[in-house]
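Below: one structure, written as structure tokens.
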Amino acid sequence: MRVLHPLTIAALILGGSHAHAADMRASTLTMHVHRKGLFSHGADYAIVAPVVSSVVDVEHRNVDILVHTGGVTFSDPEVSARVRRDVEEALRSPRVLDVASYPEMHFTAGEVTEAAPGQYRAAGTLELHGVAQQLVFDFDGTPEHYHGRATVHASDFGIPPLTFAGGLVRIKDDIVIEFDLFGATTAASIESTEPTIDHDP
């Protein structure tokens, strides 16, 4: 079994691999948050952030997903563009994601088990808002498209409860994190990007 060199992983995260560059632009992480309160009616908000790199290697039990929090967008067709911009600014602010201090959301796992053909569970660490917490992700699919989800609590990462409309609308603490990875890099594809050196006999 080949152990990936730290510099190889660093090069991948920084964009050193071009094999899946087009696919990676389509990969996203979505945070589903729920409202509670008098006027919420159980509504759900979708907060989407781009995945800038992903390594999923079920054979060698390695998962690495990197997200830039500064790229978060807020999706709700029922609100105006101005409201969406205001919400996005609030999400990026020091009170919530604090993207200036913590520009990355990072999930790494060194334990991957196969529950059924094509269905996996990754146990690792999620770093968000400067806090690292143990997390288990269930996911399925193939290297062409992996889909997974897990539930976290914002308070576990030091993010306080959010309120709007003078407190009439409040955001629940539990957040469903969902990711779609297209063309996720595997150990074999990482190795294929490394230069080979011919040695004279």
Side-chain angles (χ1 to χ4, degrees), residues 4 9 12-15 17 19-34 44-76 87-88 91-92 96-99 102-154 156-157 159 171-190:
L4 300 181
I9 295 296
L12 173 68
I13 292 176
L14 294 175
S17 173
H20 299 283
D23 296 326
M24 292 307 301
R25 284 196 296 268
S27 298
T28 57
L29 182 145
T30 303
M31 292 176 283
H32 298 280
V33 298
H34 305 273
D44 177 81
Y45 287 148
I47 302 166
V48 181
V51 174
V52 296
S53 71
S54 64
V55 176
V56 179
D57 189 342
V58 296
E59 179 181 355
H60 298 92
R61 302 179 182 180
N62 177 44
V63 175
D64 191 300
I65 303 172
L66 184 68
V67 176
H68 280 175
T69 56
V72 296
T73 57
F74 170 71
S75 175
D76 186 345
V87 172
E88 288 171 3
L91 291 172
R92 299 185 184 109
V96 187
L97 294 177
D98 195 0
V99 300
Y102 312 109
E104 297 176 350
M105 181 189 306
H106 196 190
F107 176 71
T108 56
E111 179 182 344
V112 178
T113 56
E114 186 174 15
Q119 298 181 2
Y120 309 94
R121 171 164 290 188
T125 302
L126 175 66
E127 297 180 40
L128 171 64
H129 198 247
V131 178
Q133 292 283 349
Q134 296 299 302
L135 184 66
V136 175
F137 256 122
D138 291 317
F139 67 99
D140 55 37
T142 68
E144 287 73 29
H145 179 205
Y146 283 116
H147 173 83
R149 61 191 292 132
T151 300
V152 301
H153 296 89
D156 291 341
F157 296 89
I159 300 176
I171 300 299
K172 294 182 179 180
D173 189 47
D174 56 310
I175 300 173
V176 175
I177 294 182
E178 189 172 14
F179 66 76
D180 285 283
L181 307 178
F182 297 92
T185 307
T186 64
S189 60
I190 294 174

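Along the sequence shown, residues are numbered consecutively beginning with 1. For the numbers below, each heavy atom of this structure counts, side chains included, while hydrogens, waters and symmetry mates do not.
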Query raised in the report: Under 3.5 Å, side chain of Arg92 to main-chain N/O of Gly70, donor-acceptor pair present?
Result: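 Between the backbone of Gly70 and the side chain of Arg92 there is a qualifying donor-acceptor contact (under 3.5 Å).
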I want to check something: taking the side chain as every heavy atom from C-beta on, are [X] and [Y] in contact at a cut-off of under 4.5 Å?
X	Y	result
Ile177	Leu126	yes
Val63	Phe137	no
Met31	Val176	no
Met105	Leu29	yes
Phe74	Val33	no
Tyr146	Ile65	no

Query raised in the report: What about the rings of Phe107 and Phe179, do their centers lie closer together than 6.0 Å?
Result: no
Requested in this report: Begin from the C-alpha positions of Glu88 and Ile47 and carry the test side chain to side chain contact (heavy atoms under 4.5 Å, CB included) through to its verdict.
Outcome: CA-CA 9 Å; Glu88 288 171 3; Ile47 302 166; over 6 Å; no
Report task. Check the side chains of His129 and Asp98 for a donor-acceptor pair under 3.5 angstrom, ignoring hydrogens and angles. Result ->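 Judged by distance alone, the side chains do not pair up.
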Query raised in the report: Does one side chain, of Glu104 or Thr69, offer a donor that lies under 3.5 Å from an acceptor on the other?
Result: no
[atom2] on [Y] to [atom1] on [X], rounded to 0.5 Å:
X	Y	atom1	atom2	value
His68	Ser53	NE2	OG	7.5 Å
Asp156	Gln134	CG	CD	12.0 Å
Leu91	Thr73	CG	OG1	9.5 Å
Asp140	His147	CG	NE2	6.5 Å
Asp180	Arg149	CG	CZ	10.5 Å
Glu114	Arg61	CD	CZ	10.5 Å

Requested in this report: Identify the heavy atoms of Phe139 and Ala122 that sit nearest to each other, and give their distance.
Outcome: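 Of all heavy-atom pairs spanning Phe139 and Ala122, the closest is CE2-CB, 3.8 Å.
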